[in-house]
Amino acid sequence: MASVHEAGLHRPLEWDSPLYRTAVAQFDQAVPYADIDPDVAERLRYPERAFIVSCPVRLDDGRRVVFPGYRVQHSSVLGPTKGGIRYDPEVTLGECAALAVWMTWKCALLRLPYGGAKGGVRCSPSKMSQGELERLTRRFTSELLPIIGPKEDIPAPDLATNAQTMAWMMDTYSMQKGHAVPEVVTGKPISIGGSVFRHEATGAGVVMTIARACERLDWKLNEQRCVVQGFGNVGGIASLELIERGATVMAVSDVSGGIYDPGGLDIPTMSAYAAEHGSLDGWATGVRVSNEELLELECDILVLAARENQVTLANAARLQCKLIAEGANGPISLEADAILRERAIPILPDVLTNAGGVTVSYFEWVQDLGRLFWGRDEIRAKLAEKMNDAFDRVWDVSSEKNLTLRTSALVAGIRDVGVALEARGLYP
Ligand code: NAD
């Protein structure tokens, strides 16, 4: 199959971006080991569909402002597409495309009947009121109506979006249909069909992955000293789970900077503070460090749970950890990845490590479709089973083929999507 470029379109494609190029370069590293047809591989290099909208919204002061929004669907081979919606000043089509690609491999790796999608609105959510965010969410959802749905594409929370955002999306979609459609989004409040343990799922899954890695490395998790970048949904819950398992969390950070105490931080109180104040800004105890300094602290396990491109050529050589867990998507650049490989610092890759969120999202969707709900212990156990199964397959590929855990995770995901695409054939 000729590539899109060979077909005559020599200009960069609309979703071309540094992050998308990273996603494709990772794909290219993994695909030779996935044993799939080159034509099938070529098709998987591109998203199936990208949707750009503009959302006019009335602000509280009466001004009307237009916000750009995006949704990219990478692959619908295995089922509906699935992925988060982020509100962030940096969102671009290219960023969504890269994140959608990773979602496809993640869903396949966890054996969920989904493909990958990602979307977002370019805005500054911290400067917007609840009313403005609600109007933006409802308008964005209306614009997305032609491409979302329980069997088509199912959004979820991501950066700066949460259960309330999903409730507004669900309500807007349901109003258009004339009946409640809880299964159109996941990560909703429990009162409208959300799942117990969805809120905790990504952070808990990060720590399940770390725990499994410690077993394989013959380390005791309760002896590990950890540093966590990002103290939102993923980083905050991961920090709590780490201390519940006896590990020490020495430092955490958010947009306001980092806090360090080699003796260990009081994570439950800090979580309550961040929930009340919106960030750790103003937290009084511990030593203040910048986000750059935090990443370079000497520790056993570094958890990256903020955003993409945090470890780059600029700092990869200075990291002083023994293991990295990617709670965020794409937090390590391609160049930094190579440096860390040379330095023999293992990386628990995003497509495996942060897959707890989409896995419990899948459980939420299944519960909504069946109108039958499960308990917390059952969901936690089902999540652990899926995370451990995926971890073991990744570890086995890594040992058999002598590949990094990242490439191994991609090989496992790409192989399953490739086999499915081959079986379905090329339409028409
Ligand atoms: P969130 O908005 O709840 O939290 C993000 C945190 O990172 C906040 O504490 C914020 O202050 C901090 N942060 C932002 N920029 C930072 C910077 N430059 N340095 C330090 N801290 C910074 O978002 P989240 O849901 O926790 O998502 C975090 C990452 O995890 C994203 O990459 C997201 O795509 C990924 N992820 C989230 C989920 C989920 O279920 N929420 C699932 C899979 C992956």
Side-chain angles (χ1 to χ4, degrees), residues 19 82-91 95-96 98-100 102-103 105-107 109-110 112 116-120 124-126 155-166 185-188 194-195 197-206 209 227-240 251-259 270-271 273-275 277-281 283 289-295 302-312 315 325-332 349-364 383 387:
L19 206 63
K82 185 93 192 76
I85 299 276
R86 54 175 56 185
Y87 288 173
D88 191 81
E90 310 288 323
V91 177
E95 181 181 280
C96 292
L99 293 162
W102 284 320
M103 281 304 293
W105 316 140
K106 190 182 300 182
C107 292
L109 176 60
L110 272 289
L112 311 177
K118 204 80 174 192
S124 297
S126 59
D158 193 67
L159 281 179
T161 57
N162 53 29
Q164 179 61 70
T165 323
M166 294 305 112
V185 291
T186 59
K188 303 175 289 291
S195 177
F197 206 62
R198 171 61 187 87
H199 174 72
E200 298 92 324
T202 308
V206 168
T209 310
V227 168
V228 182
Q229 187 202 30
F231 203 63
N233 176 256
V234 182
I237 301 284
S239 301
L240 282 168
V252 297
S253 69
D254 65 11
V255 273
S256 70
I259 295 145
M270 292 174 83
S271 287
Y273 181 93
H277 297 89
S279 80
L280 290 168
D281 201 12
W283 176 260
V289 289
S290 69
N291 259 300
E292 291 71 30
E293 289 164 339
L294 175 120
L295 294 174
L302 174 62
V303 180
L304 300 171
R307 55 184 312 143
E308 53 287 330
N309 268 326
Q310 296 303 299
V311 179
T312 63
N315 58 2
E326 292 187 326
N329 287 307
I332 299 178
D350 46 9
V351 292
L352 169 68
T353 310
N354 69 30
V358 70
T359 303
V360 177
S361 276
Y362 164 62
F363 297 156
E364 180 176 334
L383 173 64
M387 295 295 298

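First listed ligand is number 1; within each ligand, the first listed atom is number 1.
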Any donor-acceptor N/O pair, Ser279 side chain to Ser256 backbone, under 3.5 Å: no
Donor-acceptor under 3.5 Å (Asn354 side chain, Thr202 main chain): no
Any donor-acceptor N/O pair, Asn309 side chain to Ile332 backbone, under 3.5 Å: no
Pairing of Arg307 and Glu90 as salt bridge, 4.0 angstrom limit: no
Pair Asn162, Thr165: side-chain N/O donor-acceptor within cut-off below 3.5 Å: yes
Near ligand 1, at a heavy-atom separation below 4.0 Å: residues by chain and residue number: Arg86, Asp158, Leu159, Ala160, Arg198, Thr202, Gln229, Gly230, Phe231, Gly232, Asn233, Val234, Ser253, Asp254, Val255, Asn291, Ala305, Ala306, Arg307, Gln310, Gly327, Ala328, Asn329, Asn354
Backbone of Glu308 reached by a side-chain donor or acceptor of Gln310 within 3.5 Å: yes
